[in-house]
Amino acid sequence: MAFTRLGHGLVHWRESGPAGAPAVVLVNSLGTDFRIWDEVAAALSANWRIITYDKRGHGLSEVPPGSYAIGDFTDDLIGLADHLGLKRFALVGLSIGGLIGQDLAVRRPERLTALVLADTAPKVGTAESWNARIETIRKGGLAAIADSVMERWFTPAFHAGRPDDLAGWRNALLRQPADGYIATCQALSQADLTNAIGSIPVPTLAVVGDGDLSTPSDLVREMAQRIPGAGFALIEGCGHIPPVEQPDRLLTLVTEHLEKHGRG
């Protein structure tokens with residue numbers, strides 16, 4: 001395990017792969033830590049320098065007080081990249097990780113060689129839906145939303161065929177810091193990059209599970225259509241978390257995009 005103190009607090013991160021290889025940063029979703037990338041990161045690390053980290057309020061990273069904004073997460077990522085000496089890197093972002101990727105591509109496109117946006121959109125949900133989730137957690141903790149989140153994360157086939165994995169990922173959600181989860185929900189409630197992403201110059205691929213109930217495929221396809229030259233791919237038999245439910249298919253799509261664009 002590696003820990004680095006940045007301006008906002010302590011960050012937990014991990015590096016794998018050849019030190020001199022082109023860098024790829026994997027940014028995880030709400031309610032998960034960087035272990036969500038384990039299978040994909042292990043495969044990519046044969047040829048790429050892979051960085052995974054727990055974003056603020058998640059995993060073993062610290063939980064800064066107060067509400068967050070998407071720009072705060074982006075600034076954290078830039079700080080970590082600077083600490084690691086990453087002048088340019090590819091980014092694969094899942095859900096809020098994809099929003100962070102969009103924000104970085106709008107604000108600092110020169111830092112990115114390539115961008116993969118997985119199961120995400122420039123605006124996810126509504127302020128009302130996020131505020132309702134926050135109130136539910138304040139009253140009943142993360143356990144109060146765990147079953148409904150699992151329905152969104154994974155397809156019925158995953159629920160039926162991989163019950164032990166389902167239970168493990170439910171446990172992973174329950175072990176996230178509730179205060180960090182709430183503050184991240186507050187960031188999502190305010191985030192809207194719809195009008196900004198048309199300026200993204202970074203080679204971009206958007207992917208989504210065909211059974212995603214959090215960011216449905218039409219929403220992700222619409223995002224791709226707004227980003228100049230972006231590609232779009234549907235992952236069959238998959239919900240909101242492709243690196244867990246369909247890691248091989250996600251890996252194929254990511255690798256193809258990185259080989260075309262990620263070497264700078």
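We're numbering straight along the sequence, starting at 1. Scope of the values below: all heavy atoms of this structure, side chains included, with no hydrogens, waters or symmetry mates.
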Plane angle bin for His83 and Trp13 - parallel if under 30°, tilted between 30 and 60°, otherwise perpendicular: perpendicular
Parallel, tilted or perpendicular, as decided by the 30° and 60° cut-offs, for the rings of Phe73 and Tyr68: perpendicular
Would you mind reporting whether [Y] and [X] have side-chain heavy atoms less than 4.5 Å apart?
{"X": "Leu166", "Y": "Met150", "answer": "yes"}
{"X": "Phe3", "Y": "Leu60", "answer": "yes"}
{"X": "Arg108", "Y": "Ile78", "answer": "yes"}
{"X": "Ile197", "Y": "Met223", "answer": "yes"}
{"X": "Leu77", "Y": "Ile100", "answer": "yes"}
{"X": "Val244", "Y": "Asp165", "answer": "no"}
{"X": "Ile36", "Y": "Leu94", "answer": "yes"}
{"X": "Cys185", "Y": "Leu30", "answer": "yes"}

Check: Phe34 ring centre within less than 6.0 Å of His12 ring centre: yes
Option passing side chain to side chain contact (heavy atoms under 4.5 Å, CB included) with Ile51 (candidates Val24, Leu86, Val27, Leu91): Leu86
Salt-bridge test for [X] and [Y]: reply yes if a basic N is under 4.0 Å from a carboxylate O, no otherwise.
{"X": "Glu62", "Y": "Arg56", "value": "no"}
{"X": "Asp38", "Y": "Arg14", "value": "yes"}
{"X": "Asp75", "Y": "Arg107", "value": "yes"}
{"X": "Asp33", "Y": "Lys55", "value": "no"}

Heavy-atom closest pair, residues [X] and [Y]:
{"X": "Leu112", "Y": "Gly101", "result": "CD1-O, 4.3 Å"}
{"X": "Gly239", "Y": "Pro242", "result": "O-CD, 4.2 Å"}
{"X": "Ala81", "Y": "Phe89", "result": "CB-CE2, 3.7 Å"}
{"X": "Ala224", "Y": "Gly231", "result": "CB-O, 3.9 Å"}
{"X": "Ala143", "Y": "Arg170", "result": "O-NH2, 4.3 Å"}
{"X": "Asp119", "Y": "Gly209", "result": "OD2-N, 3.1 Å"}

Counting only N and O atoms by type, is there a donor-acceptor contact under 3.5 Å from the side chain of [X] to the main-chain atoms of [Y]?
{"X": "Thr32", "Y": "Asn28", "result": "no"}
{"X": "Thr113", "Y": "Ala90", "result": "yes"}
{"X": "Asp72", "Y": "Ala69", "result": "yes"}
{"X": "Ser61", "Y": "Gly57", "result": "no"}
{"X": "Asp76", "Y": "His8", "result": "no"}
{"X": "Ser29", "Y": "Ser95", "result": "no"}
{"X": "Thr120", "Y": "Leu117", "result": "no"}
{"X": "Gln176", "Y": "Ala172", "result": "yes"}
{"X": "Thr74", "Y": "Ile70", "result": "yes"}
{"X": "Arg152", "Y": "Leu213", "result": "yes"}

Ile96/Leu188 under side-chain contact (heavy atoms from CB on, under 4.5 Å): CA gap, chis, key distance, verdict: CA-CA 8 Å; Ile96 187 174; Leu188 286 163; 4.0 Å; yes
What's the spacing between [X] [atom1] and [Y] [atom2] if we round to 0.5 Å?
{"X": "His261", "Y": "His257", "atom1": "NE2", "atom2": "NE2", "value": "5.0 Å"}
{"X": "Ile182", "Y": "Ile137", "atom1": "CD1", "atom2": "CD1", "value": "5.5 Å"}
{"X": "Asp218", "Y": "Gln225", "atom1": "CG", "atom2": "CD", "value": "9.0 Å"}
{"X": "Thr126", "Y": "Asp192", "atom1": "OG1", "atom2": "CG", "value": "11.5 Å"}
{"X": "Phe232", "Y": "Thr204", "atom1": "CZ", "atom2": "OG1", "value": "14.0 Å"}
{"X": "Leu258", "Y": "Asn47", "atom1": "CG", "atom2": "CG", "value": "10.5 Å"}

More than 12 heavy atoms of other groups within 6.0 Å of [X] [atom1]:
{"X": "Lys260", "atom1": "NZ", "answer": "no"}
{"X": "Glu39", "atom1": "CD", "answer": "no"}
{"X": "Asn195", "atom1": "CG", "answer": "no"}

Cation-aromatic face contact Arg162/Trp169, 6.0 Å, 45 degrees: no
Verdict with reasoning, Thr4 to Leu10, per side-chain contact (heavy atoms from CB on, under 4.5 Å): CA-CA 6 Å; Thr4 296; Leu10 196 69; 6.0 Å; no
Is it the case that one hydrophobic cluster holds both [X] and [Y], taking links as side-chain heavy atoms less than 4.5 Å apart, direct or via other members?
{"X": "Leu251", "Y": "Phe158", "result": "yes"}
{"X": "Val106", "Y": "Leu104", "result": "yes"}
{"X": "Leu44", "Y": "Leu84", "result": "yes"}
{"X": "Trp48", "Y": "Leu80", "result": "yes"}

Stepwise salt bridge (Lys or Arg N to Asp or Glu O under 4.0 Å) test for Arg88 and Glu110: CA-CA 7 Å; Arg88 300 189 75 212; Glu110 75 280 359; over 6 Å; no
So, [X] and [Y]: side-chain donor and acceptor under 3.5 Å apart, yes or no?
{"X": "Thr252", "Y": "Thr255", "result": "no"}
{"X": "Thr155", "Y": "Glu245", "result": "yes"}
{"X": "Ser217", "Y": "Asp210", "result": "no"}

side-chain contact (heavy atoms from CB on, under 4.5 Å) evaluation trace for His240 with Thr215: CA-CA 7 Å; His240 189 59; Thr215 52; 3.5 Å; yes
Candidate pair Leu250 and Val92, rule side-chain contact (heavy atoms from CB on, under 4.5 Å), full reasoning: CA-CA 11 Å; Leu250 178 63; Val92 183; 5.6 Å; no
